[in-house]
Amino acid sequence: MPKYIIEREVPGIHKLNARERKAAALKSNRALSEVGPEIQWVHSYIIDNKTHCVYIASSKELIHKHAEKSGFPANKIREVSYILEPGTAEG
Amino acid sequence: MPKDNIFISGRSLLIMPVILLVLASCNDSNSNSQKDEITEKTSEMSTFVIEREIENIGSSTAEELKAGSKKSNSVIEELGPGIQWEHSYVVDNKFYCVYKAKDESLIKEHARRVGVPANSISRVAAVIGPHTAE
């Protein structure tokens, strides 16, 4: 299944405390279980007013569906062609 | 004088004992040193997401990306331990790169030396995932 980077614009998200982040993750997990096994959340980087999320999914449609159910918008969805890391230079 | 020797100048040698004394006295009055150590480490290195817009980068060959990674690694080595590359996601017209760095200026300098843009540099407030709900 392809990997995707999803940009979500969520005002104030960077100000959430640990308890609020936990609630947000729970909301996302619930929506994931409703959408089914063909979408998985890897992790998300929270920056100012935005998150960059890494997901594995069989299609972009499932990502839209998850966004609708969770209430977290998917403003941009981009399919990942490669993942690079320092070791890539040696391989 | 070579750059590495700057700290062994006569003046530094004179100042050193004073600095050590001040540090030692701070340590004595510090009842919660473990907490301070954690704060210090976090303030030293932050995680950043860097977006680099490069037309058709997603269509690059593995060889081209390997060459680019090699160049990036050599610049990171030049810049020292204040900057670390974690990983990068390549999409059609962009890189999303995750770095650890002491400050933004090192990220800008790295981009300048490698010859790639850093269109946006954002400090990461937190990394969350499915396990965050537990």
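Proteins get letters first, then strands, A, B, ... in listed order; numbering begins at 1 in each.
Tracing side-chain contacts under 4.5 Å through hydrophobic residues (I, L, V, M, F, W, Y), one reaches A/Y55 starting from A/V10; they form part of the same cluster. Under a hydrophobic-cluster definition in which Ile, Leu, Val, Met, Phe, Trp and Tyr are linked whenever side-chain heavy atoms come within less than 4.5 Å, directly or via other members, A/I6 and B/V49 are assigned to different clusters. The cluster map of Ile, Leu, Val, Met, Phe, Trp and Tyr, joined by side-chain heavy atoms under 4.5 Å apart, puts B/V98 and B/I107 in different clusters. Linking Ile, Leu, Val, Met, Phe, Trp and Tyr residues whenever their side-chain heavy atoms come within less than 4.5 Å places B/V116 and B/V75 in a single cluster. Under the 4.5 Å side-chain heavy-atom criterion for Ile, Leu, Val, Met, Phe, Trp and Tyr, B/I54 and B/Y99 are members of the same hydrophobic cluster.
Across every non-hydrogen atom of B/G58 and A/Y82, the tightest pair is O-CE1, 4.0 Å. Nearest heavy-atom pair, B/K66 versus A/A89, reported as atom, atom and distance to 0.1 Å: CE-O, 3.4 Å. Here the closest heavy-atom approach between residue A/A25 and residue B/A133 is recorded as CB-N, 3.7 Å.
In this structure, the separation between OG on B/S72 and CG on A/L84 is 9.5 Å, given to the nearest 0.5 Å. Here B/S120 contributes atom OG and A/K50 contributes atom NZ; the two are 6.5 Å apart, rounded to the nearest 0.5 Å.
Looking at B/E134, only its backbone comes within 4.5 Å of chain A, counting heavy atoms on both sides. When heavy atoms are compared at a cutoff of 4.5 Å, B/K94 approaches chain A solely by way of its side chain, counted from C-beta outward. With a 4.5 Å cut-off on non-hydrogen atoms, B/V124 touches chain A through its backbone and its side chain both. The contact between A/I83 and chain B is made by backbone and side chain atoms together, counting heavy-atom distances below 4.5 Å. There is no contact between A/S28 and chain B, counting heavy-atom distances below 4.5 Å. Contacts between A/V42 and chain B at a heavy-atom distance below 4.5 Å involve the backbone alone (N, CA, C, O). When heavy atoms are compared at a cutoff of 4.5 Å, A/H52 approaches chain B solely by way of its side chain, counted from C-beta outward. Heavy atoms of B/F48 lying under 4.5 Å from chain A are absent altogether. Within the 4.5 angstrom heavy-atom criterion, no atom of A/K27 approaches chain B.
Ranked by heavy-atom pairs under 4.5 Å with chain B, the first of A/H43, A/K3, A/K22 is A/K22. For the options B/S69, B/P130, B/A126, heavy-atom pairs under 4.5 Å to chain A are most numerous at B/P130. Ranked by heavy-atom pairs under 4.5 Å with chain B, the first of A/L32, A/I13, A/L26 is A/L26.
In this model, no donor atom of one side chain and acceptor atom of the other lie less than 3.5 Å apart for B/Y89 and A/E79.
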- Task: Go through the steps to decide whether B/H131 and A/W41 satisfy the test side-chain contact (heavy atoms from CB on, under 4.5 Å), and finish with yes or no.
- Result: CA-CA 10 Å; B/H131 60 275; A/W41 178 21; over 6 Å; no

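Checking side-chain atoms of A/Y45 against main-chain N and O of B/I128 turns up no donor-acceptor pair under 3.5 Å.
In this structure, the side-chain contact (heavy atoms from CB on, under 4.5 Å) partners of A/S58, at least two apart in sequence or on a different chain, are A/M1, A/E38, A/L62.
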